[in-house]
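What follows is a single structure, written as structure tokens, with notes after it.
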Amino acid sequence: MNTSERNIVTLENVEKHFGAVRALDGVELRVDTGECLGLVGHNGAGKSTLMNVLAGTLDADRGVLRIHGENLTARYSVGTANENGIRCVFQELSLCPNLTVAENARIFHPSLTGWGWKRRAGRMIRDKLDEIFPGHGISADDVVGDLSIGKRQMVEIARAFTTTDAPLHLVILDEPTSSLDAVTAKQLLDFARKVVGKGLSCILISHVLGEVLEYADQIVVMKDGLVVAAKPGAEFDRNSLVAAMGNVVEMDEIKAHEAREMVRGATLIVVEAQSGGDSGATPLIAHKGEIIGLAGLASHGQTDMLLRIYDAAMRGRKSPRVDGPVALVAGDRVTDGVFHLWSIAQNIGVRSLPGMVKRGLIDPLAEAAMGAEWQSRIKIKTPDMNDNILSLSGGNQQKALFARALASEAEIILMDDPMRGVDVGTKLEVYDLIRDEAEKGRTFLWYTTEMDELNNCDHTYVFRDGAIVADLPRDELTEEKILHSSFKESA
Amino acid sequence: MVAYLTSPRFLRAALPAASFIILLAAIFYVQPRAMSYFGMNLMLQYTVPIALATIAQMFIITVNDLDLSIGAFVGLTACIGATLLADTPILGFLALAACIAAYAALGALIHWRNLPSIVVTLGMSFVWLGIAVLILPTPGGTAPGWVKAIMSLKVPYVPFPIIAAIVIGVVVHLVLMTSSYGAVLRGAGGNPKAIGRAGWSLLKTKMVMFGAAGFFGVLSGLSLIGLTSAADAHIADRYTLYAIAGVILGGGEFVGGRVSPIGAVIGALTLALTGSFLTFLRISPDWQIGAQGGILILVLALRALINRREA
């Protein structure tokens, strides 16, 4: 076979931007017949965006997409992907919880109609489940919403491998094992290996590096929307893979303007919280005036920890132990942060209302004064603080949320990855502000998915599966260490 | 077997039927004379239009929307039926077809502009009412003979409203719950993103569901004038809330595409019966709506208990 016949998908210089965020910045990718391609990278490296482009659910802004050597860029959609035998198992499940397993299989196959379709769809999905996950214990008549998350994922995976009229060429598995236990995960990966041997291709995206190293023929590493390495799997080992994913450029500047030295334990403990897992797990401890980083892969319990601490402070619980008033800076500012109909000044003042009450009513002068003070302190770019909050840019809205927390009497500030999608200039200003406030004695608990931000922290806890798995003082903090402890030791 | 009978899934499905039977038993206990062909016919005759309006509402709720205009819409179709359809049948059919098309267009608008359906349909309810008043400024008109003939059909042994309810429930069940496109339609309520990702048109599902709602709204209006033989713009104002309550009583949920056509019909029957029950108890009409609300709260509280056990 010559190369164009063996080739299934080729991406050339594909770009995708979301506003100012460059999710894909000129990606080159090639998948051949009978190949298992492993795709790894840190959160936000662009893996999921890339898969959405391949599955046809997102259009690329620029670049060329070839299927079987044919340029389909202009008319690529979910339908064309299906016709060409490309399927995707998405990270967030795409089953309809109100339908049965058989009905969900039917959604995927427009040709499954007519008399007895339910029986045929049921047999098809059951056979495939039997083939991939022997002993799965799922019936085709089960309503998906009643199944456990692991079983749902099994159904979703099995569904991607079912075929009716169009032949199947490529299955994209985005974090397929995240909800599976060790046994079913192995069943799946062995099955994938088997079908790849029969000429099918497979893209395996996983945070469990052992899986990728063991099962992929070719490993592609992504970082900041670019492919930074692509080599046969045998040429990687765990260390070289972590090194390829990591930040090669040292963050000299941030380290340089960090002169403050703190001796841990010199001040009082203000927060002490058990992390998940067994009682022997490392507790999270924050001393007064410290900036504590919460690191690790996304949604491994960092936000839960912040919310538990917030809950404990608000309801006066004994555990976790919290000494002092707290304020939370939300990460998802659209849903959890701003009050859409209020002015900027009102949005800033809402956390401090008890201090602004005069004769039972909110004193508008006090509110305006607080707004004006923080406009100058945090440099919110607006002609009038009485304008609606949505008139601000995203970064400035985020500044307003910081002002809300810092203007309050709170001694402990919890931050739930607040810098998502904020431009660099704003970030640096806010970092300065956080360090200043910490020196004045405030304590910050800062969950972030960005490596660079951890360099601002005095102490970093790495989370995995809800538990703290590493406890790094600043001088021991390296990206490699965080990556190492973020990923499971064994596949 | 016992495990199945006490499983939350079975209890949830059986609750609408159980509440209907309990209510019926209570009526027979209070007023034994209702337990006759004639009594049942009298008690249940208005359930047919309510059941049809409830099915219309159920289609809308399936795709996570809510229709606050169904009552006014049924009133409008009743007015068209009692005037245009009786005088110039062709014009009448065209007008009713236009009503259904308008409903489908509303579905398209709601999907296309991503509008909240509550706002759109609340606004439209005044449009429907206005048109109805223009068509029939004062109560009156006459229902076409064939509509009256269908609605006064005498079936031996089983009262007509019960047969009609069974037919409505079973037909809609077959179409929505067992057909292959029905699975896609319900899936569009359960996880629209997944349906879109599988390559289906969400615009089409919305239009189909709203169109179907319009069709059943028309049927509801016609069956209503078949019973009353005259129409009025305000004849079905209460149906909006009856229909929502019927769907929910029948085991449906406001979001997530979880609906049950047979349950919805039973829900409509239950609501209609509560009226008779309260009359038999000699509760003054002033208190009836409140008492109906009380029964609704009771049934929904039971379901909440079942759901909590499931969680």
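These figures come from a predicted structure and were not determined experimentally. Per chain, numbering begins at 1; letters A, B, ... match sequence-line order.
For the set Val144(A), Asn52(A), Val78(A), the entry with the most heavy-atom pairs within less than 4.5 Å of chain B is Val78(A). By number of non-hydrogen pairs under 4.5 angstrom with chain B, the leading residue of Leu95(A), Ile107(A), Thr57(A) is Ile107(A). The candidate with the highest count of non-hydrogen atom pairs below 4.5 Å against chain B, out of Ser77(A), Ala55(A), Pro110(A), Gly79(A), is Pro110(A).
For an aromatic pair to be called close, the ring centres must be under 6.0 Å apart, and Phe59(B) with Phe215(B) fails this.
Interatomic distance, Leu54(A) CG to Leu170(A) CG, rounded to the nearest 0.5 Å: 7.0 Å.
Ring-plane geometry between Tyr239(B) and Tyr242(B) is classed as tilted, the angle between the planes lying from 30 to 60 degrees on a 0 to 90 degree scale.
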I'd like to know whether Tyr181(B) forms a side chain to side chain contact (heavy atoms under 4.5 Å, CB included) with Thr205(B), so could you lay out the CA-CA distance, the side-chain angles of the two residues, the decisive distance to 0.1 Å, and finally the verdict.
CA-CA 9 Å; Tyr181(B) 192 60; Thr205(B) 58; 3.8 Å; yes
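In this structure, the portions of Val143(A) lying under 4.5 Å from any heavy atom of chain B include both its backbone and its side chain.
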